[in-house]
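Each remark here refers to the structure printed beneath this line.
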Amino acid sequence: MDIKESIQGIKTEIEQSSFDGAESLENFRLTYLSKKGKIQSLFGAFRDVPVDQKKIIGQELNALKQFAQEIFNTAQENLGSSKKSSNNSQDLTMPGEPLRIGSRHPLSLVKNEIVEIFERIGFNLSEGPEIEDDWHNFTALNLPDEHPARDMQDTFFIEKDPDYLLRTHTSSVQVRYMENNQPPIRTISPGRVFRNEAISARAHCIFHQVEGLYIDEGVSFADLKQTLLYFAKEMFGEKTEIRLRPSYFPFTEPSAEVDVSCNICGGAGCNVCKYTGYLEILGCGMVDPAVLENCGIDSKKYSGFAFGMGIERIAMLKYQINDLRLFFENDIRFLKQFSKF
Ligand code: PHE
């Protein structure tokens, strides 16, 4: 057979070939493209082609080889992609992959709950800086320089003269609020505070407070007591009772510490309440008139109360956690127990 006819014959064969899988593709490759394939054998026969025809036959042979290669490549691509799509077919009855959603930190949960309880009776939210000056953290609150009660709040000082420090309580926010607002004032100030204390199961150098302030005409100690009873019942349950013990804070007079009946044993006595039936949760009192005057509020016209509590302490009672350090370690195994999902 003449080589030209062979080229034409193979071209026709290739045009008619069909592919239905990997096997037919491999057969095609062996038949036309391998070293022992039909096209390669034509290249062998090329040697005998007369010189004057070599150019034209050579071109045709090369074109044939290229054509076969293109057909092969296209078929391979088509088979490849259909294989992929058959692997990709989805089983819509399979259960979905669960989404891992983070949860709020227990301290945030408790803080939000406290803030919401007071918002329901008309308190607004106020915030202030964590780095404070001496006036807002101490002096305005009836704690002048050299006042012995300053020692109670082991302060982290940042700078001397002018004095800058890390606030030791969020009472500083209340001072700022009074300086900028006239009564009636009902505000609640949550935030992070700092004290230079040795870290233990019951104390940390960083912790969180919520403090409240209520100032208006004719506010009395009875208002304070009733507000705190409302809070205790909302926070710890309807049966909760409170007990006030006389105490001392430089910025309130009279001052008290407040206990709630133990929500674990219901007052019968257990190791959480150390068999007293009560748990201490906050400090409070009537704002000292000198503090009102320091902040530009007329103490003859207005009176008010303030209270402050540690969020960690409330969270420990609420979730029965016996080591405060757990709140700061951020161990996922601890935190995920508070997830609602
Ligand atoms: N500021 C006080 C503290 O940090 C708490 C407190 C606030 C007490 C308001 C009385 C009134 O300990």
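Computed over heavy atoms, backbone and side chain alike; hydrogens, waters and symmetry mates excluded. Atoms within each ligand, like the ligands themselves, are counted from 1 in listed order. Predicted model only: the values in this text are computed from it and were never measured.
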Exercise. So, Arg313 and Glu280, do they make that salt bridge, N to O below 4.0 Å?
Worked result: no
Exercise. Quick one: which ligand 1 atoms are inside 4.0 Å of a heavy atom on Phe251?
Worked result: 1 (N), 2 (C), 6 (C), 7 (C), 8 (C), 9 (C), 10 (C), 11 (C)
Exercise. Taking atom types as modelled, is there a side-chain donor on Ser261 or Glu241 under 3.5 Å from an acceptor on the other?
Worked result: no
For this session: Under 4.0 Å from a heavy atom of Ser171: give me the atoms of ligand 1 that qualify, with their elements.
Result: 1 (N)
Exercise. Is ligand 1 under 4.0 Å from a heavy atom in the side chain of Ser255, in the backbone, in both, or in neither?
Worked result: neither
Exercise. Asp134 and Thr139: side-chain donor and acceptor closer than 3.5 Å?
Worked result: yes
For this session: Say whether, by atom type as modelled, one donor and one acceptor occur between the side chain of Ser255 and the main chain of Phe249 under 3.5 angstrom.
Result: yes
For this session: Could you tell me which atoms of ligand 1, counted from 1 in the order shown, lie closer than 4.0 angstrom to a heavy atom of Ala306?
Result: 9 (C), 11 (C)
Exercise. Considering only heavy atoms of Phe249, which atoms of ligand 1 have at least one such atom less than 4.0 Å away?
Worked result: 8 (C), 10 (C)
For this session: Report the nearest protein non-hydrogen atom to atom 1 (N) of ligand 1: residue, atom name, distance rounded to 0.1 Å.
Result: Glu211 OE2, 2.8 Å
Exercise. Does Arg176 pair with Glu132 as a salt bridge, N-O distance under 4.0 Å?
Worked result: yes
For this session: Go through ligand 1 atom by atom and flag the ones less than 4.0 Å from a non-hydrogen atom of Gly308.
Result: 6 (C), 7 (C), 9 (C)
Exercise. Is Phe305 in contact with ligand 1, taking contact as a heavy-atom separation below 4.0 Å?
Worked result: no
For this session: Please determine if Thr168 has a nitrogen or oxygen closer than 3.5 Å to a nitrogen or oxygen of ligand 1.
Result: no
Exercise. Taking the six-membered ring of Phe46, is the NZ or CZ of Lys54 close enough (under 6.0 Å from the centre) and on axis enough (within 45°)?
Worked result: yes
Exercise. Is it the side chain (CB and beyond), the backbone, both or neither of Phe307 that lies under 4.0 Å from ligand 1, heavy atoms counted?
Worked result: backbone
Problem set entry | Parallel, tilted or perpendicular, as decided by the 30° and 60° cut-offs, for the rings of Phe118 and Phe231 | parallel
Exercise. Does the pair Lys4/Asp2 count as a salt bridge with the N-to-O cut at 4.0 Å?
Worked result: no
For this session: Would you tell me which option among Met309, Arg195, Arg167, Met286 has the nearest heavy-atom contact to atom 12 (O) of ligand 1?
Result: Arg195
Exercise. Less than 3.5 Å between some nitrogen or oxygen of Thr252 and one of ligand 1, yes or no?
Worked result: no
